[in-house]
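Report on the structure given below.
A note on names: the letters A, B, ... follow the listed sequences, proteins ahead of strands, and every chain is numbered from 1. Computed from a predicted structure; not experimentally measured. Side chains are part of it too, since the values below use all heavy atoms of this structure and drop only hydrogens, waters and symmetry mates.
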Amino acid sequence: MAQQIEDKQNHPTARGLKRLAMAAIIVLISPLIMIAAASGDYGEQIFEQNLRVGEGIEIEHSVKIEVVDTSTDIIDSARFRVSSYLVPVRMLTIFQGDMPTEYETYSGARIYLEVVSVYGETALLRVTGPDNWRVTGYYEAEETETGSEPAAEAVTVPELEIKRTLDMTSVEQGQLVLVTFKIKNDGNGTATGIEMDEPLLRGTYQEGCPATLGDIAAGATVRVNYDLKIVDTPSGTYELEPTLLNYKSESGASYSSESSSNTLVVTAKEVLLPELEIKITIESGDDVIICGDRFPATVRIDNTGNATSGRATIKSHLPDDVRVADGDLEPVYESIKPGDYEEYEVMLIAYEPGKHVIKMDVMWADKEASASAEFWAERSSLDKYYPHILAVVPIGLLVVGIIRRHREYSY
Amino acid sequence: MLNILVLGLGQCGNRILDSINSEAFGGNGTFAKYYSNQKFPASVKTIAINTAINDLKGLKYTLAKDRFHVPHLHGVGANRTLGKKVFEDNKELIMGEIDKRGSFDLIFIITSTAGGSGSSFAPRLVEELKAAYNAQIICIAVLPFREEGSISLQNTAFCIKELIEEKPNGILLVDNQYLKKYAGDIKSAYDKINATTARRLLFLIEALNSEMLMVTDLGDLKTVMNGGVGIGTMGFYESNNGNTVKATILGSFKPSGLLFPANVYKEGARAMLIIKGDKKYLDLDLINKTIEELSTEVGQVFKGVLVKKGPSKVLSLFTLNSIPELDSLYASAADAIRTEKVKREESKRQLDDAFACIEELEPIY
């Protein structure tokens, strides 16, 4: 950049001639280019205008395109700095006559940049993209006195070097990372209008991250920090894009510097929560419960979580014809350690035949878990055949009596 | 309450005893023994005694424990001589079995006079019972069908003779020959004779054991049975169509109601009348008057009046001064014995003649 400024200031006449020639060529071929551009699938035209070095536009309050430099070589080109929300700054060098260069925003929308012509420090930039996208702002470059004599005094150029460090490179969700910037002005001029563009990592919150910095005198070092809070960033390894510093010299020339990228490993925060599970086991000899018989039911509550539970309350839902014969069906446990369990047994009685479903809930904190068990109950053989027995008993007695009598009278 | 022992000897005695047991069930049929109990009018013990086990097995209403088999294969084959020997051999067993039943006031011995076991056991048993018990002993002797054969007749003749010699308190005759006219076939006749005899005996027992309006008792029975030759029979009549008690009493003297053919008015020595029925039928004056009339012809008549619901019934029990039928029977028996003897001698002679053909000869092989 410094070199470019130097060139601009050292060869004004040659560059002026070049610009005139290029302008003539552009005037002649621009309609053709426009037709060609329009004919491609690059969306609607958003902007087409000459921009000088240092000037920029803002599209939809998000995408910023700024002419950083121009170059008139065999093929003229212009260098742009493009940034948008949550997308790291990109430096794009676009050659005149090239196919439109694509730039994708964080939301996935695409715009296309095309250099129509370059004339001196001015580039005719055409931007196409989504329909209804409009230019929402301009960066105005300070007037440069083209053709004027160079200043006699020494040129002062700020040169900021930015180093970004993280106090930890591996964090858990919910933790804070102290991000420190060490900005040193290695130039010989004061850096003013410093804007710091710190890319945002998804799922993080930058607390106290300055967007602008005060002037930094030549040789001075400034330390700035902020807290990067990892909110809900998924686990993984992330590359923190470089921090971009845009600043100007006292003469108004724009400069930029960027830090190196950092790697940050995010691990999921270990959440300590109790998790209770309840299980009911009904024991019977042959999978059938006899009505009126006592049968054991075992209830077990496991803490499968990683924290000790608070008070665990058991709630039962018994069918109407199932009663507790012995034991407490709804005990309360003050706590259950992780990996531990509580188990208790109650004796139940089913009074009616058929399918029965026992449902049990365990409630702790504001959570609950349920389990159910079903079983079949059948009448006992005695009950089932009671009428038969009632009939058989007297018949049997009668038969016995008859046999007995028969024996008494048999010789 | 009287303690009464009823002994049924031999096939005939067993069956009459079985009928008595059946009647004790109320005469309610074959299956009565399965659902009801015997109701005797007194303390009655029964024992069926026989040498033929099949006869004992054929009984239906007599308890097994009341059936006593005198061990001698399958009967004595109407042989009274053998029967007597068997009795002597088993006398202690028989008396022991009787002794198990306790003591008795009255003992009935029911037997056929024609068979082997009963006719041979009865006189001997009378002798033993008289020695063992201070009880009245009355024999109910059943006379056979006359056509049963010479053995039956001679058995009857000797049985009755021996019975009388043993002097039981009395002998009541039941004549199958006389009664069979009231039934068609032989089996029905036997069944009816047995049932009739059983009912009359139970009637008598009931009367002797009951408190009566007019009393007759065991002593009266003894006196009656001592009358005449000590042999008598029973008559029975049941009133119907509103007969007077006199008609009922006189009905019991009719030949049709007797167990043995007799002319009561002519041959009767002493009598006992047991009159049972609803009080409205029992006109005591008429009863006394009727009995007074009978006494002039029959001699001493004891009476007992038993008030029970139902029509009036009369059981008459009397002893006879003479028994023409028995004379006839003995004559027949004598004839049979003689004929048998002649036949046997003739047979023996024929056999001897036959053997004479081979006398002094030796078999040649």
Side-chain angles (χ1 to χ4, degrees), chain A residues 282-296 319-326 347-356 375-411, chain B residues 7-11 13-15 17-40 44-75 93-94 97 100-101 117:
Chain A
I282 293 174
E283 296 168 12
S284 62
D286 50 0
D287 295 333
V288 175
I289 303 298
I290 302 300
C291 293
D293 280 3
R294 294 154 62 105
F295 61 95
D320 292 340
D321 57 338
V322 177
R323 312 264 172 82
V324 177
D326 189 20
M347 300 301 290
L348 302 176
I349 297 178
Y351 290 95
E352 294 296 330
K355 181 182 176 183
H356 297 77
F375 64 89
W376 278 92
E378 288 186 356
R379 291 194 187 283
S380 68
S381 299
L382 188 65
D383 288 345
K384 195 184 295 181
Y385 298 109
Y386 188 67
H388 303 82
I389 293 169
L390 279 182
V392 165
V393 166
I395 291 171
L397 290 174
L398 187 62
V399 168
V400 168
I402 289 171
I403 292 171
R404 191 175 165 187
R405 274 294 172 93
H406 184 73
R407 284 187 174 179
E408 285 178 351
Y409 287 90
S410 293
Y411 187 79
Chain B
L7 298 172
L9 307 181
Q11 185 188 61
N14 290 168
R15 290 185 177 179
L17 182 75
D18 207 42
S19 288
I20 290 170
N21 282 317
S22 174
E23 290 297 323
F25 280 113
N28 291 327
T30 307
F31 298 105
K33 64 182 177 184
Y34 293 119
Y35 60 84
S36 64
N37 292 318
Q38 289 178 319
K39 292 176 183 174
F40 284 106
V44 177
K45 302 289 192 307
T46 63
I47 307 176
I49 299 171
N50 207 328
T51 55
I53 196 165
N54 286 340
D55 291 342
L56 291 171
K57 287 181 177 177
L59 305 181
K60 296 177 181 176
Y61 301 97
T62 303
L63 288 167
K65 68 181 180 64
D66 290 339
R67 304 180 206 183
F68 183 72
H69 177 231
V70 179
H72 190 270
L73 297 178
H74 295 282
L93 281 176
I94 295 169
E97 189 67 24
K100 288 179 187 173
R101 270 73 178 174
S117 299

Are the side chains of Thr62(B) and Tyr409(A) in touch, meaning some heavy atoms are under 4.5 Å apart?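 No, every pair of side-chain atoms sits at 4.5 Å or beyond.
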Considering all heavy atoms, the nearest [X]-[Y] contact:
X	Y	value
Phe25(B)	Arg405(A)	CE2-NH1, 4.3 Å
Ser410(A)	Ala64(B)	O-CB, 3.0 Å
Tyr411(A)	Ile53(B)	CE2-CG1, 3.8 Å

Toward chain B, the part of Arg407(A) with a non-hydrogen atom under 4.5 Å: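 For Arg407(A), the contact with chain B is made by the backbone alone.
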Tyr35(B) atom OH, neighbour heavy-atom count above 12 within 6.0 Å: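 For Tyr35(B), atom OH is crowded (more than 12 foreign heavy atoms under 6.0 Å).
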Glu408(A) CD to Lys65(B) NZ distance, which is reported to the nearest 0.5 Å: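 Reported value, rounded in 0.5 Å steps: 8.5 Å.
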